[in-house]
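Notes follow the structure.
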Number of protein chains: 2
Amino acid sequence: MILEPLLPKFDSVFSIDCVIFGFDEGELKILLIERNIQPFKDWWALPGYLVEENESLDVAAERILYELTGLRDIFMEQFYTFGDVDRHPQGRVVTVAYYAMIRLNGTKELKPVTSIARKAVWYPVKDLPKLAFDHSKIFAKGFIKIRNKISYQPIAFELLPEKFTLTQLQHLYEIILNATLDKRNFRKKMLNYGILKELDEKQKGVSYRAAKLYKFDRRKYARLFQKELSFNK
Amino acid sequence: MILEPLLPKFDSVFSIDCVIFGFDEGELKILLIERNIQPFKDWWALPGYLVEENESLDVAAERILYELTGLRDIFMEQFYTFGDVDRHPQGRVVTVAYYAMIRLNGTKELKPVTSIARKAVWYPVKDLPKLAFDHSKIFAKGFIKIRNKISYQPIAFELLPEKFTLTQLQHLYEIILNATLDKRNFRKKMLNYGILKELDEKQKGVSYRAAKLYKFDRRKYARLFQKELSFNK
DNA sequence: ATGCTTAGTGTTACAAATACACTTTATATT
DNA sequence: AATATAAAGTGTATTTGTAACACTAAGCAT
């Protein structure tokens, strides 16, 4: 039997960082934690931590988000990997960044289940504090990512409450795209997608004419994105 | 002076893998190497290797591609990071995948400058061999990436020789999109982009009517992609 | 009853995408 | 020289989507 050369065993460290978008009180927000450990103790940071040895990246992302914020069952998507040599003071740590857009029911409490984070809070993206590591850069790239995504997929509803008005939806688009949109054209386009269901219900508690409520039809939405774009023939 | 707790020093290993697309003899190809080292010695693989300690990911990608194939100054873009627990037999190795589309002048010789790769060759994507590690999966994701990209950005010219005919361009689109396109509409659309320059030259050596040659105008191309998409107002 | 504030609505103009088939031209063959 | 061949090259009508644009309707507060 031929002896194979002995190979060194690799034992690596890398991390996950999460950019979680929410929409509340007419503002786009992201989740930040206050770090309770070194390095960057007491700094604001994206929820992020080291991946464990026997964990795939996707699984790690879910676990880490849960442990640092208490949020569960959030579908996140990987969007970029940051690997500058000096991005981590303890050595070479590459971090894989994930993003998600979620509905922030007001009720969902943020409660870190580990002491790594002192607390987790929703922070308006307009007014972010200085962040630990290269997290400002990571956030910026994540923001560009959802801006692009929303331009070709009507995914904004992930951020809205179950029932919403068309004006709320439009405001959300305007914030993410950083542009003002024409009301009539916006409504026409959205309704044309055929993924909104008009409800027999109206907004309540407003001191003016109440708007109709809508909800998204996820089945139709899924069907919509089976057909592909451009150059169909 | 307050003593900070001593932090462990991280010392990690991760890799880069490159999916390099070329177009030759009417076929879409990618670059593969034949591995000359364990693990997966003698297997076909994507050009890929470990990142060095003091190297950013982008720089590592360039170096690794060069060392394994002899190709230089190729602009690559990161597209996904693969981190399944068992993807590498020597332990936990996360790999950051890059892609590029390049012009394959016929002349550019492929010559690994390290013995890690025995050789590097262009392989038709239609007929890839079994690949080392999870490289088949990486390739598949890279292919989807360029398919999507080409659908909204006329980047296909990266793959073509300096001078090309519209029919060649169309064939390339058809191969990447896996669809047949209408000749008149295709031409109209391409010419409307305003990034093609008609030359005073014709195809040579064909046994039928020679087609006009075109080349891409990179200046106009760059300008085209400063203006953004969708929902402009 | 009046005022205020937002909801809700339609048309026209322009641009882009699609469907579709014949003529022209360079070369090769006889 | 005549003919065959193979791909180049070209235009129009239809449909679809995008863009610009301003007033009336409804509900609540006073």
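Below, chains carry the letters A, B, ... as their sequence lines are ordered, and counting in each starts from 1. This structure is a prediction, so every number in the text was calculated from the model and none was measured.
- Taking 4.0 angstrom as the limit, A/Arg184 places none of its side-chain polar atoms (N or O) nearer than this to OP1 or OP2 of D/dA22.
- Within the nucleic acid shown, B/Thr165 has no heavy atom closer than 4.0 Å to any nucleic acid atom.
- If you measure from atom CD of B/Gln203 to atom C1' of D/dG9, you get 13 Å, rounded to the nearest angstrom.
- The base of D/dA6 is not paired with the side chain of B/Arg209 by any donor and acceptor separated by under 3.5 Å.
- Between B/Ser207 and B/Lys212, it is B/Ser207 whose nearest contact on DNA chain D lies nearer the 5' terminus.
- Listed pair A/Lys183 / D/dC21 fails the phosphate criterion, with no side-chain N or O lying under 4.0 Å from OP1 or OP2.
- In this entry the distance linking CG of A/Asn192 with P of D/dT18 reads 9 Å, nearest Å.
- For the pair B/Arg147 and B/Phe143, the cation-pi criterion (under 6.0 Å, within 45° of the ring axis) is fulfilled.
- Atom NZ in B/Lys189 sits about 20 Å away from atom P in D/dG11, given to the nearest Å.
- At a cut-off of 3.5 angstrom, counting only N and O atoms as typed in the model, there is a donor on one side and an acceptor on the other between the side-chain of A/Asn185 and the base of D/dA20.
- Rounded to a whole Å, the OH atom of A/Tyr208 is 25 Å from the P atom of C/dT2.
- Both cation-pi conditions hold for A/Lys141 and A/Tyr80: the charged atom is under 6.0 angstrom from the six-membered ring centre and inside a 45 degree cone around its axis.
- Between A/Phe186 atom CZ and D/dT18 atom P there is a gap of 13 Å when expressed in whole angstrom units.
- Look at OH on B/Tyr193: it is 11 Å from C1' on C/dA17, rounded to the nearest Å.
- Within the nucleic acid shown, A/Lys202 comes within 4.0 Å of sugar-phosphate atoms alone, with no base atom in reach, counting heavy atoms only.
- Protein atom CG of A/Leu181 is 10 Å distant from nucleotide atom P of D/dA19, rounded to whole Å.
- Exactly one of A/Ile146, A/Leu160, A/Ile74 qualifies for a side chain to side chain contact (heavy atoms under 4.5 Å, CB included) with A/Met101. That residue is A/Ile146.
- Looking at B/Lys188, its side chain comes within 3.5 Å of the base of C/dT18 through a donor and an acceptor atom.
- Relative ring orientation between A/Phe133 and A/His135 is described as tilted, the plane-to-plane angle lying within the 30° to 60° band.
- Between the OH atom of A/Tyr173 and the P atom of D/dT18 there is a distance of 12 Å, given to the nearest Å.
- Classification of A/Glu158 and A/Lys149 as a salt-bridged pair fails, no side-chain N sitting under 4.0 Å from a carboxylate O.
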